[in-house]
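Here is the structure we will look at.
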Amino acid sequence: MKKALLTLTALALLATTAQARSWEEIKKSGTIKIATEGAFPPFNVVKGKELTGFEVDLANQLARQLGLKVQWVTQPFDSLLIGLQQDRYDFVIASHGITPERAKAVDFSSPHYCTGGAIVSRTGGPKTAADLKGKTVAVQVGTTYLENVRKVPGIKEVKTFPKDTDAQAALMAGRVDAWVGDKFTGLDLVKAQKGKLAAGNLLFNERIGMAVRKGNAGLLKELNAALTKSLSDGSYAKLSGQYFGTDVRCR
Ligand code: ARG
């Protein structure tokens, strides 16, 4: 937590000095640079050599609407917002929950989906926040899962992993008692593990947004307009249906 706080403070400082590309510059170049992690299925994931997932398809759709080509950048989750401030790309779409802490360092778009952090354990394991007492829990580093798990009293140990998929693997291998992660990811995981894992309670709800460099109002406006269009013309609903069998927009 200390490290996470420090990083965000440093980010807030950087935010006042870096210079992002304005909407006019992006438009003129014809290509928008978008960053994601590529290791967070089904939202952003590299399959074989292809970057895919709900957020990747959605961002490609938004860029198409804006008349832009896309250049994708993938890097570790906990360095994504830092790279934004270093002007390495124009925006980030990587399932970032919109939190007051992060909003000090970056500006968020309107939410592009709503979800929550859920507990998953091996069958017979902890299912509620109260059950986590005395247990070890795996989470991805730098996430809202870590932040929220820290608030649950009595947990024996929180183990952090650079990648969410590694946190899941720790649960499957029996090295931790529970995993806390995205509720949709959790559902997929439980299904794929056929009876070995069980879904527990939701710990918290969150709205997920795209992040632009603080103050990049022009780009934010265009992204929000493209998202609004996608939400209203059926393209968002179609994509969401493909990935989740349901519409994951915020209501
Ligand atoms: N929604 C969580 C958060 O805001 C997790 C995001 C993780 N994203 C990823 N690409 N691994 O922290």
Side-chain angles (χ1 to χ4, degrees), residues 32 34-74 77 80 91-98 108-120 140 143-145 163-165 167-168 179-212 220-251:
I32 190 157
I34 315 175
T36 191
E37 182 194 27
F40 197 61
F43 300 99
N44 59 78
V45 58
V46 177
K47 274 195 187 148
K49 280 198 163 170
E50 199 205 349
L51 180 63
T52 178
F54 174 66
E55 291 182 300
V56 173
D57 287 356
L58 180 64
N60 281 332
Q61 195 183 87
L62 302 184
R64 212 175 307 129
Q65 259 173 54
L66 295 171
L68 298 168
K69 289 200 200 102
V70 177
Q71 188 185 327
W72 281 100
V73 178
T74 55
F77 178 72
L80 281 167
F91 77 92
V92 174
I93 183 163
S95 291
H96 283 91
I98 303 174
F108 280 107
S109 69
S110 311
H112 61 278
Y113 74 93
C114 264
T115 185
I119 303 168
V120 173
Q140 184 181 22
T143 60
T144 49
Y145 317 129
K163 282 162 61 188
D164 189 55
T165 43
Q168 294 165 21
W179 164 89
V180 171
D182 184 84
K183 70 170 180 188
F184 295 111
T185 308
L187 286 175
D188 283 357
L189 191 65
V190 169
K191 212 165 141 194
Q193 292 301 313
K194 296 194 175 82
K196 289 196 198 121
L197 299 181
N201 284 5
L202 212 58
L203 270 189
F204 64 99
N205 287 302
E206 63 179 350
R207 294 152 67 237
I208 306 294
M210 297 170 267
V212 303
L220 201 59
K221 196 174 146 226
E222 296 295 332
L223 277 181
N224 281 336
L227 178 61
T228 301
K229 180 150 188 301
S230 170
L231 285 164
S232 60
D233 73 4
S235 33
Y236 180 98
K238 189 170 165 221
L239 200 59
S240 178
Q242 277 167 19
Y243 276 97
F244 307 103
T246 179
D247 195 319
V248 296
R249 78 183 64 196
C250 298
R251 290 159 206 276

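In this text the structure is predicted, and so the values were computed from the model without any measurement. Both backbone and side-chain heavy atoms feed into the values below; hydrogens, waters and symmetry mates do not.
Here CG of L58 is found 11.0 Å from OH of Y113. Values are rounded to the nearest 0.5 Å. For the atom pair OG1 of T115 and CG of D182, the computed distance is 3.5 Å after rounding to the nearest 0.5 Å. The structure places CD of E206 at 10.0 Å from SG of C250, a figure rounded to the nearest 0.5 Å. For the atom pair OG1 (T246) and CZ (F184), the distance works out to 6.5 Å, reported to the nearest 0.5 Å.
Checked against side chain to side chain contact (heavy atoms under 4.5 Å, CB included), A198 has the following partners two or more places apart in sequence or in another chain: K127. Take E55 and apply the side chain to side chain donor-acceptor pair (under 3.5 Å) test, not counting sequence neighbours, and it matches N44, S95, H112. Annotation: side chain to side chain donor-acceptor pair (under 3.5 Å) contacts of N205 (sequence neighbours excluded): none. Residues meeting the salt bridge (charged side-chain N to carboxylate O under 4.0 Å, His left out) test with K221, sequence neighbours left out: none. A search for ring-ring contact (aromatic ring centres under 6.0 Å, His included) contacts involving Y145 returns nothing, not counting sequence neighbours. Considering only residues two or more places apart in sequence or on other chains, D57 meets the side chain to side chain contact (heavy atoms under 4.5 Å, CB included) condition with T52, L239, Y243. Annotation: side chain to side chain contact (heavy atoms under 4.5 Å, CB included) contacts of S240 (sequence neighbours excluded): F54, Y236, F244, D247, V248. Looking at residues two or more places apart in sequence or on another chain, you find no ring-ring contact (aromatic ring centres under 6.0 Å, His included) involving F91. Every residue two or more places apart in sequence or in another chain that forms a side chain to side chain donor-acceptor pair (under 3.5 Å) with S110 is listed here: N224. Shown here are the side chain to side chain donor-acceptor pair (under 3.5 Å) partners of S230, two or more places apart in sequence or in another chain: Q61. Taking K238 as the reference, Q242 meet the side chain to side chain contact (heavy atoms under 4.5 Å, CB included) condition, with sequence neighbours excluded.
Between the side chains of Q140 and Q168, no donor N or O sits under 3.5 Å from an acceptor N or O.
None of M210, E222, K229 except one satisfies the side chain to side chain contact (heavy atoms under 4.5 Å, CB included) rule with L62; the exception is M210.
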Verdict with reasoning, F43 to T185, per side-chain contact (heavy atoms from CB on, under 4.5 Å): CA-CA 9 Å; F43 300 99; T185 308; 3.6 Å; yes

CA sep, side-chain torsions, deciding dist, call: V45, F40, side-chain contact (heavy atoms from CB on, under 4.5 Å): CA-CA 5 Å; V45 58; F40 197 61; over 6 Å; no

I208 and I98: CA distance, side-chain angles, deciding distance, side-chain contact (heavy atoms from CB on, under 4.5 Å) verdict: CA-CA 6 Å; I208 306 294; I98 303 174; over 6 Å; no

Residue pair E50, V46: steps toward the side-chain contact (heavy atoms from CB on, under 4.5 Å) verdict: CA-CA 5 Å; E50 199 205 349; V46 177; over 6 Å; no

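For the pair L187/K183, no side-chain contact is recorded, criterion being any heavy-atom separation below 4.5 Å from C-beta on. In this structure the side chain of L197 never reaches within 4.5 angstrom of the side chain of K191, judged on heavy atoms. The closest side-chain heavy-atom distance from L231 to R249 is below 4.5 Å. Within the 4.5 Å cutoff, the side chain of F77 has heavy atoms near those of the T143 side chain. Side-chain contact between F108 and V212 is absent, with no heavy atoms from C-beta onward closer than 4.5 Å.
Other residues, nucleotides and ligands place no more than 12 heavy atoms under 6.0 Å from the NZ atom of K163.
Scanning both residues, S235 and Q65, for their nearest heavy atoms gives OG-NE2, 4.5 Å. Between V70 and W72, the shortest heavy-atom contact is CG1-NE1, 3.3 Å. Heavy atoms only, all atoms of each residue included: I93 and T36 are closest at O-OG1, 2.7 Å. Scanning both residues, V120 and A199, for their nearest heavy atoms gives CG2-CA, 4.4 Å. Between A35 and L80 the shortest heavy-atom distance is CB-CD2, 3.9 Å. Nearest heavy-atom pair across L227 and P111 is CD2-O, 3.6 Å.
Listed by first and then second residue, the ring pair (Phe, Tyr, Trp, His ring centres under 6.0 Å) pairs involving residues 188-209 amount to none (not counting sequence neighbours).
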